[in-house]
Visitor: 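Here it is: the structure, laid out below.
Convention: sequence-line order gives letters A, B, ...; per-chain numbering from 1. Side-chain atoms are counted along with the backbone in the values below, which use heavy atoms only and exclude waters and symmetry mates.
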There are 2 protein chains.
Amino acid sequence: MRDVARLAGVSVATVSAVVNGSVPVSAERTRKVRDAMDALDYHPDHVARSLKTGRTNVIAMVIPDITNVFFPELVRGAEEAANQAGYSVILCDSNEDPAQERRHLDTLFARRVDGVLIACTDASTAYESLVRRRFPIVFVDRLPQGLAVSAVSTDNVDAGYQAARHLIDLGHERIAIVTGNLRLSTHAGRLEGFRRAMQEHHLPVRDEYVRVGDLQASTGYRFGLELLGLDPPPTGLISSNNRMLLGLMRAIRELSLPCPEQVSVIGFDDPVWTGNFSPRLTTLAQPTYEIGRCAFAMLQRRMRGEPEAPGVGEVSLLKAELRVRESTAASPSREGEMLRPAVSI
Amino acid sequence: MRDVARLAGVSVATVSAVVNGSVPVSAERTRKVRDAMDALDYHPDHVARSLKTGRTNVIAMVIPDITNVFFPELVRGAEEAANQAGYSVILCDSNEDPAQERRHLDTLFARRVDGVLIACTDASTAYESLVRRRFPIVFVDRLPQGLAVSAVSTDNVDAGYQAARHLIDLGHERIAIVTGNLRLSTHAGRLEGFRRAMQEHHLPVRDEYVRVGDLQASTGYRFGLELLGLDPPPTGLISSNNRMLLGLMRAIRELSLPCPEQVSVIGFDDPVWTGNFSPRLTTLAQPTYEIGRCAFAMLQRRMRGEPEAPGVGEVSLLKAELRVRESTAASPSREGEMLRPAVSI
DNA sequence: CTGTTAGCGCATTCAT
DNA sequence: ATGAATGCGCTAACAG
């Protein structure tokens, strides 16, 4: 910058002024400065700038597993919005490990990121001090319990309700659900919605029909085998997670159970490949990309200092969309009856 | 830091010394400093440190599309390795757009990242000046043409060869391939391997059997319909890309062509869901995670200043692994003949 | 071993 | 409208 100033025959302050447009500079000098910048291939040093201004224009996104199809879409939404606003984003994969998550948060803090977007891991409390300190942080997808925070997520209770309701409308009465750890707000919410729908229709929720496990396909497979081996077996299956859904489908296939004739299945998340299954899968599609964008927008408000409503936080819940395909059909016990027909997409 | 020094009754230099362990400090003072740090909840400011040292301990990873299953795995490998070495990683999605890629590179440079890992987009030349300037950059997966660079990728020629060879061994003679833009080294390589195998076995490669398009499922679908409508149609299909494979399978299904009886299919990349298709998909699995790790390791060597061999660059090619499942079988024209049996996994 | 000091590159007063 | 000077928080000489 000194060199640029010298070459342009002005002071460093003037260079700074034209770079930032903070103060008016005469046209002629502006031109000279720009020429000098080009000639010297000068690029303002963001590090120095950050030290001075206290802002880095960097945010971080910490997520539990980039390898789960849900998150890349989320990251993309947030990253695009962030980039458009002049922010870069540091990606931190916590690998579903609270300790790892805390380490990430610590280094992020040391790096002076301007804000963080986080899909928190089970049992983590690393962020409590952050929200208490009013550090700009907004939670995405997974929300912490008992904390008044800024957050954006799918309306999971509604989504769980929709899933159950779809099966109920098809005449199913014995419906089972496989979910992830219930300390994760997403799974707790979906289960709650499921229960609510069942209760509304005076349908029992048998304990053996609710299976809680980790988010692996292998677990879904095991649960599928177990559930379908029950007497009586469920005629409807809901998977609260896309990986477990894979396992569920594998179990059904190995059991040679006709789907949807004998058992209907509905899953969460709607990656392209759901349309390649036989049968094509009925799913609840989350507005993942949109959640990412909204989350960044909200974070920006926090970074600007706009406060959330005190004590409650600002949480924005987006609706999931039911996509009816071929894996759900009328309950075998109601075959031939007149049921509300599902609209296929 | 001043406060910490004051509280501990030492100088800032001493504080710096205990924080960095750069210079020995007496046990007693060390303890005092640590206590003061805790008491004040002091966290060293990486920004200031970077300004001073000229190193940020941040690298960037620029990729064309986080939404393609291949990349999350790659990112994870690189990120884990980077984190273990004390680096954070900025993620930049270029969205397959050279202009976007260049913008990213510019801001990354301004941010003084210590190095970058890049899967370059077609037609991009944004990085030429970087490699010429000897900026630490290593290319992953997709390599630029005609530049001596550091890179790690799958051995795509070998992988394409393996794919074709597998079908040839099964007796197929009419084999078609769908690939992405051939300016992408990955697709060019796979096609080359395919051609080589065909040539070695004196099999013709008909022009209509080579389809080059973008990386979308819809394109794969269209190509599938077109290829299978040819007279004579191919009995073996290779997809150079995981998304196009999805489209291919959809086309086969809509045509009600029995797979693998009438047509064998083999694809690239091996995400979990390949095992959920009917039939289960034969694929070439890339060592994606490993590529990410290797790439970071190589980048670290560049950042340390260890030079690559002049004029050639250091490129490390990892082998893909053929996973034979159910979507490939003996060519219908050779039904009943004795063929080398494939080992199923 | 420890303290003092001089910048790293920039944005921002405050004069002019 | 412009320039000179100050310091952001830290590390790396250097002197003790």
Side-chain angles (χ1 to χ4, degrees), chain A residues 1-58 86 88 106-114 135, chain B residues 1-58 86 88 106-114 135:
Chain A
M1 181 154 133
R2 253 187 22 241
D3 302 332
V4 174
R6 188 156 35 209
L7 181 58
V10 300
S11 74
V12 293
T14 305
V15 176
S16 174
V18 354
V19 168
N20 298 301
S22 45
V23 181
V25 175
S26 71
E28 189 199 358
R29 287 174 122 90
T30 300
R31 198 182 43 70
K32 286 196 148 180
V33 170
R34 293 227 175 281
D35 289 348
M37 293 198 330
D38 290 347
L40 270 45
D41 192 30
Y42 166 80
H43 292 264
D45 185 328
H46 282 222
V47 175
R49 178 181 298 173
S50 295
L51 180 59
K52 185 63 185 176
T53 63
R55 296 178 316 101
T56 52
N57 275 320
V58 173
S88 291
D106 284 345
T107 89
L108 291 173
F109 194 64
R111 286 200 191 289
R112 301 293 187 262
V113 297
D114 291 343
F135 179 83
Chain B
M1 181 155 135
R2 252 184 26 237
D3 301 333
V4 173
R6 188 156 36 204
L7 181 59
V10 301
S11 74
V12 292
T14 305
V15 176
S16 175
V18 355
V19 168
N20 298 301
S22 44
V23 182
V25 176
S26 71
E28 188 197 359
R29 288 172 122 90
T30 300
R31 198 179 44 70
K32 285 195 149 183
V33 170
R34 293 226 176 282
D35 288 349
M37 294 200 327
D38 289 349
L40 270 45
D41 193 28
Y42 166 81
H43 292 264
D45 185 328
H46 282 223
V47 175
R49 177 181 299 172
S50 294
L51 180 59
K52 181 63 185 177
T53 62
R55 297 177 319 101
T56 53
N57 275 331
V58 173
S88 290
D106 284 346
T107 89
L108 290 173
F109 194 64
R111 287 199 190 290
R112 302 290 189 263
V113 298
D114 292 342
F135 179 83

Visitor: Roughly how far apart are A/F135 CZ and A/L108 CG, rounded to 0.5 Å?
Guide: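 Reported value, rounded in 0.5 Å steps: 8.0 Å.
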Visitor: Any idea which heavy atoms bring A/V10 and A/V15 closest together, and the distance?
Guide: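 Looks like CG2-CG2, 4.0 Å.
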Visitor: What are the 5'-most and 3'-most nucleotides of DNA chain D lying under 4.0 Å from any heavy atom of chain A?
Guide: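 For DNA chain D, the relevant span reads D/dA1 to D/dG9.
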Visitor: Under a 4.0 Å heavy-atom cut-off, which of residues 23-41 of chain A touch DNA chain D?
Guide: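 Contacts with DNA chain D under 4.0 Å: A/V23, A/P24, A/V25, A/S26, A/R29.
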Visitor: Heavy atoms only: give me the nearest A/V25-A/A17 pair and the separation to one decimal.
Guide: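 What the structure gives for the nearest pair is CG2-CB, 3.6 Å.
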Visitor: What donor-acceptor contacts under 3.5 angstrom involve side-chain atoms of residues 34-41 of chain A, with partners at least two apart or in another chain?
Guide:
from	atom 1	to	atom 2	distance (Å)
A/D35	OD2	A/R31	NH1	3.3
A/D41	OD1	A/H43	NE2	3.3

Visitor: Using salt bridge (charged side-chain N to carboxylate O under 4.0 Å, His left out) as the criterion, list what pairs up with B/R55, not counting sequence neighbours.
Guide: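 If we apply the salt bridge (charged side-chain N to carboxylate O under 4.0 Å, His left out) test to B/R55, skipping adjacent residues, there are no hits.
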Visitor: Let me confirm one number: the OG-CG distance from A/S88 to A/N57, rounded to the nearest 0.5 Å.
Guide: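 Here the rounded value is 8.0 Å.
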Visitor: Among residues 5-21 of chain A, which residues get a heavy atom nearer than 4.0 Å to DNA chain D?
Guide: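 When residues 5-21 of chain A is checked for heavy atoms under 4.0 Å from DNA chain D, the hits, listed by number, are A/V10, A/S11, A/A13, A/T14.
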Visitor: Of the residues in residues 42-55 of chain B, which ones touch DNA chain C at a heavy-atom distance under 4.0 Å?
Guide: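 Contacting residues: B/L51, B/K52.
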Visitor: Quick one: which residue pairs count as a side chain to side chain donor-acceptor pair (under 3.5 Å) with a foot in residues 8-28 of chain B, not counting sequence neighbours?
Guide: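 Checked against side chain to side chain donor-acceptor pair (under 3.5 Å) - neighbours excluded - the pairs reaching residues 8-28 of chain B are B/S11-B/T14, B/S16-B/N20.
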Visitor: Five pairs at each end of the helix from C/dC1-D/dG16 to C/dT16-D/dA1: take the axis at both ends and give me the angle between them to 10°.
Guide: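 Comparing the axis at each end, I get an angle of 40°.
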Visitor: Report the residues that fulfil side chain to side chain donor-acceptor pair (under 3.5 Å) with B/R29, sequence neighbours left out, ordered by chain and then residue number.
Guide: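 For B/R29, no residue satisfies side chain to side chain donor-acceptor pair (under 3.5 Å) once neighbours in sequence are set aside.
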Visitor: Can you run down the salt bridge (charged side-chain N to carboxylate O under 4.0 Å, His left out) pairs that involve residues 4-19 of chain B, sequence neighbours left out, and say none if there aren't any?
Guide: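 The answer is B/D3-B/R6.
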Visitor: Provide, to the nearest angstrom, the distance between the CE atom belonging to A/M1 and the C1' atom belonging to C/dT12.
Guide: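 These atoms are roughly 10 Å apart.
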Visitor: Which residues pass the salt bridge (charged side-chain N to carboxylate O under 4.0 Å, His left out) test with B/D45, not counting sequence neighbours?
Guide: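 Counting only residues at least two positions away or on another chain, B/D45 forms a salt bridge (charged side-chain N to carboxylate O under 4.0 Å, His left out) with A/R112.
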Visitor: Please name all residues satisfying side chain to side chain donor-acceptor pair (under 3.5 Å) with B/D114, sequence neighbours left out, ordered by chain then number.
Guide: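 B/D114 satisfies side chain to side chain donor-acceptor pair (under 3.5 Å) with B/T56 only.
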Visitor: Flag the pair A/R111 / B/V58 as yes when at least one side-chain heavy-atom distance between them is below 4.5 Å, and no otherwise.
Guide: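 Counting from C-beta outward, A/R111 and B/V58 do come under 4.5 Å.
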Visitor: So which heavy atom on B/V47 is nearest to which on A/S50, and how close?
Guide: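 Closest approach of B/V47 to A/S50, heavy atoms only: CG1-CB, 3.8 Å.
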Visitor: Enter the distance from A/L51:CG to B/R49:CZ here, rounded to the nearest 0.5 Å.
Guide: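 One gets 13.0 Å once the value is rounded to the nearest 0.5 Å.
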